[in-house]
Amino acid sequence: MTKHTPPPASDTVNSVTRLGKRLNRSFFARSVHEVAPELIGATMLVDGVGGIIVEVEAYHQSEPAAHSYRGPTPRTMVMFGPPGVAYVYRSYGIHWCINFVCEPEGSAAAVLIRALQPTHGIPAMRRRRGLHDERTLCSGPGKLTGALAITNRHNGLALDAPPIEIHARREAPEIASGPRIGITKAVELPWRYGLKGSRFLSKAFPDDKLR
DNA sequence: CTCTTGATCTTCT
DNA sequence: GAAGATCAAGAGC
């Protein structure tokens with residue numbers, strides 16, 4: 001009965017199998033500006049497949065880059081409900097993107113998950129995405145939903161119940177921040193956060209010399 | 001390496 | 001009709 005499953009190969013983090021405690025709804029029922037940077041280093045799994053969150057962006061109802069800015073629509077409805085659920089939307093008619101809904105009900109805000117460092121179920125992710133090196137498997141909001149098979153059927157699902165698991169980080173990492181990517185409104189707000197020096201980002205941070 | 005373009009769904013003007 | 005919280009492939013340097 002002593003069946004040993006070897007830990008998954010990981011190149012920079014060597015204790016990826018030791019996850020922190022599950023994050024529950026109360027974690028998300030706070031300001032997006034607190035939650036977003038705290039998600040860096042957390043592990044996100046869908047049906048056991050996923051990795052370490054290395055890049056996120058905060059969006060809030062009060063600023064025009066947010067989908068919730070103009071009030072509820074069929075698409076953005078879940079952001080106007082209770083926190084701790086997924087908001088999944090179709091991007092450019094092609095991709096899906098996933099957000100974590102935050103703040104007490106009544107304030108529509110969410111954190112866009114932009115990149116993961118793959119740790120769990122890497123073969124499944126490669127299969128879903130075609131042949132890709134580990135570095136680019138989840139290095140963008142539309143890429144990681146492909147790798148984790150996230151679609152609109154995950155819209156509104158609780159983040160603390162199957163098939164989704166979010167595990168807290170065990171130590172606070174160094175965080176980089178800067179302007180959000182791919183938007184044309186409220187470009188001055190530095191609400192993008194990332195794991196400093198990570199090779200798995202969608203794009204390097206301005207002041208973070210990589211390589 | 002950078003730049004351009006096609007793919008094509010939802011919302012807004 | 002146009003724009004958009006994107007990506008991959010191809011051209012050019």
Side-chain angles (χ1 to χ4, degrees), chain A residues 28 31-33 35-37 39-40 44 46 51 53-81 83 85-103 107-118 125-157 159 176-195 198-206 208-211:
Chain A
F28 299 98
S31 162
V32 273
H33 304 301
V35 174
L39 282 171
I40 299 300
M44 168 186 182
V46 176
I53 298 172
V54 297
E55 181 183 340
V56 302
E57 287 174 357
Y59 287 87
H60 187 272
Q61 190 176 6
S62 60
E63 43 91 12
H67 289 171
S68 53
Y69 182 62
R70 294 165 196 278
T73 67
R75 177 177 69 158
T76 63
M77 192 170 50
V78 302
M79 280 194 286
F80 291 83
V85 302
Y87 161 50
V88 179
Y89 72 94
R90 183 74 97 165
S91 171
Y92 288 88
I94 308 277
H95 312 286
W96 299 103
C97 293
I98 186 168
N99 296 249
F100 297 166
V101 175
C102 295
E103 311 225 342
S107 171
V111 178
L112 172 68
I113 309 303
R114 288 194 55 91
L116 305 179
Q117 173 178 341
M125 292 195 261
R126 277 195 215 284
R127 211 177 310 125
R128 290 163 176 164
R129 296 247 309 126
L131 294 178
H132 277 93
D133 73 277
E134 210 166 299
R135 180 170 172 165
T136 55
L137 213 44
C138 297
S139 62
K143 298 181 191 178
L144 71 91
T145 54
L148 275 60
I150 293 167
T151 68
N152 61 337
R153 81 182 189 281
H154 296 91
N155 190 42
L157 292 189
L159 299 172
S177 67
R180 295 173 294 182
I181 304 283
I183 57 170
T184 56
K185 299 168 202 158
V187 292
E188 70 285 358
L189 299 175
W191 290 358
R192 175 178 178 235
Y193 302 97
L195 179 59
S198 173
R199 303 164 48 237
F200 299 91
L201 302 172
S202 69
K203 191 181 174 199
F205 281 81
D208 193 8
K209 305 291 182 243
L210 304 180
R211 160 110 318 108

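Labels below follow one simple rule: chain letters A, B, ... track the order of the sequence lines, proteins then strands, and each chain is numbered from 1.
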Rounded to whole Å, how long is the line connecting atom [atom1] of [X] with atom [atom2] of [N]?
X: A:His95; N: C:dG4; atom1: NE2; atom2: C1'; result: 12 Å
X: A:Arg129; N: C:dA9; atom1: CZ; atom2: C1'; result: 14 Å
X: A:His60; N: C:dA5; atom1: NE2; atom2: P; result: 17 Å
X: A:Met79; N: C:dA5; atom1: CE; atom2: P; result: 11 Å

Taking the same atom, P, in C:dA5 and in B:dT13, what whole-Å distance lies between them?
13 Å
Which value, in whole Å, describes the distance between the P atoms of nucleotides B:dT5 and C:dC13?
14 Å
Between the side chain of [X] and the main-chain N/O of [Y], is any donor-acceptor distance below 3.5 Å?
X: A:Arg128; Y: A:Ala147; result: yes
X: A:Thr145; Y: A:Trp96; result: yes
X: A:Glu55; Y: A:Ala115; result: no

Give one of base, sugar-phosphate or nothing for [X], where a contact means two heavy atoms less than 4.0 Å apart.
X: A:Gly93; result: base
X: A:Arg75; result: sugar-phosphate
X: A:Arg192; result: nothing
X: A:Ser202; result: nothing
X: A:Ile183; result: sugar-phosphate

Is it the case that A:His60 and A:Ser62 place a side-chain donor and acceptor less than 3.5 Å from each other?
yes
Hydrogens and angles aside, do A:Ser139 and A:Thr136 bring a side-chain donor and acceptor to less than 3.5 Å of each other?
no
Checking contacts here: which listed nucleotide ([options]) is nearest the side-chain heavy atoms of [X]?
X: A:Arg70; options: B:dT13, B:dT11, C:dA5; value: B:dT13
X: A:Thr73; options: C:dT6, B:dC9, B:dT11; value: B:dT11
X: A:Tyr92; options: C:dG4, C:dA5, B:dC12; value: C:dG4
X: A:Pro141; options: B:dC12, C:dA5, C:dC7; value: C:dC7

Of A:Thr136 and A:Ile181, the one whose closest DNA chain C nucleotide lies more 5'
A:Ile181
Has A:Ser91 got a side-chain N or O lying under 4.0 Å from the OP1 or OP2 atom of C:dA5?
no
Does C:dA5 have OP1 or OP2 under 4.0 Å away from a side-chain N or O of A:Lys185?
no
Is there a stack between A:Tyr89 and C:dA5, judged by ring centres under 5.5 Å and planes under 30°?
no
B:dT8 - base-pair partner by Watson-Crick or wobble geometry, distances under 3.5 Å
none
Opposite nucleotide pairing with C:dG12, Watson-Crick or G-U, both atom distances under 3.5 Å
B:dC1
